[in-house]
A.B. asks: 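The structure under discussion is supplied below as structure tokens; questions concerning it will follow.
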Amino acid sequence: MNAYSDVAIKRDVVGRGQPRVINEQLVTRFHYWQDGIQQGMSYNHELYALVEEYERFDRLRAYEVANECSMNALDTCITVSSSSYAVWVGLRSLAARQAVINSPELDN
């Protein structure tokens with residue numbers, strides 16, 4: 001592990017509209033069923049769904065996707081390992097967004 005990755009992995013930055021950056025070793029990955037087998041993870045008593053995983057050299061793309069998700073009012077985080085970046089969105093925020101989309105008040 002180099003000095004840069006060590007700093008990036010140890011940060012857990014939370015800002016309004018900014019995704020958290022979390023060390024992959026601090027999360028627990030799991031699989032769940034939703035229209036097929038999906039990959040999820042838990043961190044700090046919250047559950048997340050995998051959006052996309054990127055190779056280490058594709059860091060900028062991972063951050064772009066995470067920022068886009070955050071700007072769409074989704075609880076977003078990025079996990080960082082020595083070989084990859086993964087973008088995750090909170091299952092609660094996905095469920096809340098889906099509930100608003102399916103709301104009968106929106107059917108005009």
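Every heavy atom of this structure was used, including side-chain atoms; hydrogens, water molecules and symmetry mates were not.
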A.B. asks: Please examine the side chains of Arg56 and Tyr85, heavy atoms only from C-beta on, and report whether any two atoms are closer than 4.5 Å.
C.D. replies: yes
A.B. asks: Would you check if Glu46 and Arg92 make a side-chain contact, meaning some heavy-atom pair closer than 4.5 Å?
C.D. replies: yes
A.B. asks: Are Tyr32 and Val87 in one and the same hydrophobic cluster, where Ile, Leu, Val, Met, Phe, Trp and Tyr link if side-chain heavy atoms are under 4.5 Å apart?
C.D. replies: yes
A.B. asks: A side-chain contact here means heavy atoms from C-beta on lying under 4.5 Å apart; do Tyr43 and Cys77 qualify?
C.D. replies: no
A.B. asks: Hey, what do you get for CD (Glu24) to OG (Ser83), rounding to the nearest 0.5 Å?
C.D. replies: 8.0 Å
A.B. asks: Any donor-acceptor pair under 3.5 Å linking the side chain of Glu68 with the backbone of Glu64?
C.D. replies: no
A.B. asks: So, does Asn72 use its side chain to make a donor-acceptor pair with the main chain of Leu74 at under 3.5 Å?
C.D. replies: no
A.B. asks: Can you confirm whether Met41 sits close enough to Thr79 that some side-chain heavy atom of one is under 4.5 Å from a side-chain heavy atom of the other?
C.D. replies: yes
A.B. asks: Under a 4.5 Å cut-off applied to non-hydrogen side-chain atoms, are Tyr48 and Val27 in contact?
C.D. replies: no
A.B. asks: Verify, without hydrogens or angle tests, whether Ser42 (side chain) and Leu47 (backbone) share a donor-acceptor contact under 3.5 angstrom.
C.D. replies: no
A.B. asks: Report yes or no: does Ser93 contribute a side-chain atom to a donor-acceptor pair with the main-chain N or O of Gly90 at less than 3.5 Å?
C.D. replies: yes
A.B. asks: Given side chains that start at C-beta, do those of Val80 and Asn23 come closer than 4.5 Å, heavy atoms only?
C.D. replies: no
A.B. asks: Do the side chain of Asn67 and the main chain of Tyr63 share a donor and acceptor less than 3.5 angstrom apart?
C.D. replies: yes
A.B. asks: Drop me the distance from His31's NE2 to Gln38's CD, to the nearest 0.5 angstrom.
C.D. replies: 9.5 Å
A.B. asks: Check step by step if salt bridge (charged side-chain N to carboxylate O under 4.0 Å, His left out) holds for Glu53 and Arg61.
C.D. replies: CA-CA 10 Å; Glu53 197 156 5; Arg61 181 67 184 136; over 6 Å; no
A.B. asks: Quick check for you: to the nearest 0.5 Å, what is the distance between Trp88 atom CH2 and Ile22 atom CD1?
C.D. replies: 10.0 Å
A.B. asks: How many angstroms lie between atom CD of Glu52 and atom CG of Asp58, to the nearest 0.5 angstrom?
C.D. replies: 9.5 Å
A.B. asks: Drop me the distance from Cys69's SG to Asp75's CG, to the nearest 0.5 angstrom.
C.D. replies: 10.5 Å
